[in-house]
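Report on the following structure.
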Amino acid sequence: MLRFFLRSPIFPVILLIFITASLVLSLINTQDLLAKLCSGISLILAFVWTILIKLHNNKNPKNRIKLTGFIPYEFREMDEGQQWVTFKACRNVYIYYSLAIPVVTL
């Protein structure tokens, strides 16, 4: 259960929301306390995330999660089939963006 939670994109998205809220609220001069609260929550979440990853790595030394890994878990290509699926997904997203961005700008 812990492995699925650590590898899911939910936690990084929540952390990104708190960091963005902290930055936006720090630009507003009247919301200084709320900006500090969001910064504190994001620091606590990052600390808890690090502790949970270390706990998982101690329990499962053969199935470790890297703290410094920048490639999402979904893009780890183990064989040719996964490489093909990743290629097709990236191609479809690129085509979608190349068509959607000009339409949105119009």
Side-chain angles (χ1 to χ4, degrees):
M1 180 71 180
L2 183 62
R3 183 183 74 191
F4 294 115
F5 175 72
L6 291 174
R7 289 188 174 172
S8 72
I10 294 170
F11 186 82
V13 167
I14 292 171
L15 188 61
L16 180 66
I17 289 170
F18 276 110
I19 290 172
T20 305
S22 171
L23 292 174
V24 168
L25 291 172
S26 66
L27 293 175
I28 302 171
N29 293 333
T30 59
Q31 302 294 331
D32 190 40
L33 180 65
L34 198 56
K36 289 180 182 178
L37 181 67
C38 287
S39 295
I41 290 173
S42 62
L43 285 174
I44 290 170
L45 287 176
F47 182 72
V48 167
W49 180 259
T50 304
I51 296 298
L52 287 176
I53 288 179
K54 295 223 180 246
L55 179 70
H56 175 269
N57 288 343
N58 287 338
K59 284 185 179 180
N60 303 316
K62 291 184 179 180
N63 193 12
R64 299 178 65 85
I65 298 174
K66 293 183 180 180
L67 279 172
T68 59
F70 294 111
I71 298 174
Y73 181 72
E74 294 85 16
F75 290 132
R76 303 210 188 268
E77 300 163 340
M78 302 297 172
D79 60 4
E80 291 82 17
Q82 288 180 347
Q83 287 177 351
W84 179 252
V85 169
T86 304
F87 165 74
K88 291 296 282 184
C90 290
R91 182 179 179 273
N92 289 340
V93 168
Y94 178 77
I95 291 170
Y96 172 74
Y97 281 155
S98 67
L99 295 175
I101 290 175
V103 170
V104 170
T105 56
L106 291 176

If two hydrophobic side chains count as joined below 4.5 Å and joins carry through other members, does [X] share a cluster with [Y]?
{"X": "L25", "Y": "I44", "result": "yes"}
{"X": "V24", "Y": "I41", "result": "no"}
{"X": "I10", "Y": "L55", "result": "yes"}
{"X": "V93", "Y": "Y96", "result": "yes"}
{"X": "I53", "Y": "L43", "result": "no"}

* Asked: How would you list, by chain and number, every residue that makes a side chain to side chain contact (heavy atoms under 4.5 Å, CB included) with I95, sequence neighbours excluded?
  ->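 I95 satisfies side chain to side chain contact (heavy atoms under 4.5 Å, CB included) with R91, L99 only.
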
Mind checking the [atom1]-[atom2] spacing from [X] to [Y]? Nearest 0.5 Å is all I need.
{"X": "L45", "Y": "L52", "atom1": "CG", "atom2": "CG", "value": "10.5 Å"}
{"X": "N57", "Y": "K62", "atom1": "CG", "atom2": "NZ", "value": "15.0 Å"}
{"X": "K59", "Y": "K54", "atom1": "NZ", "atom2": "NZ", "value": "16.0 Å"}

* Asked: At their closest point, which heavy atom of C38 faces which heavy atom of A21, and how far apart are they?
  ->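 Answer, listing the atom of C38 first, then A21: SG-CB, 4.0 Å.
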
* Asked: If every non-hydrogen atom of S42 is compared with every non-hydrogen atom of F18, which pair is closest and at what distance?
  ->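 What the structure gives for the nearest pair is CB-CB, 4.0 Å.
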
* Considering only heavy atoms from C-beta outward, does the side chain of L23 approach that of L27 to under 4.5 Å? ->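 No; the side chains remain at least 4.5 Å from each other.
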
* For the residue pair L15 and W49, establish whether any side-chain heavy-atom pair is separated by less than 4.5 Å. =>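 In short, these two side chains do not touch, never coming nearer than 4.5 Å.
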
* Donor-acceptor contact below 3.5 Å, side chain S98 vs main chain Y94 ->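 The answer is yes, because a donor-acceptor pair under 3.5 Å joins these two groups.
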
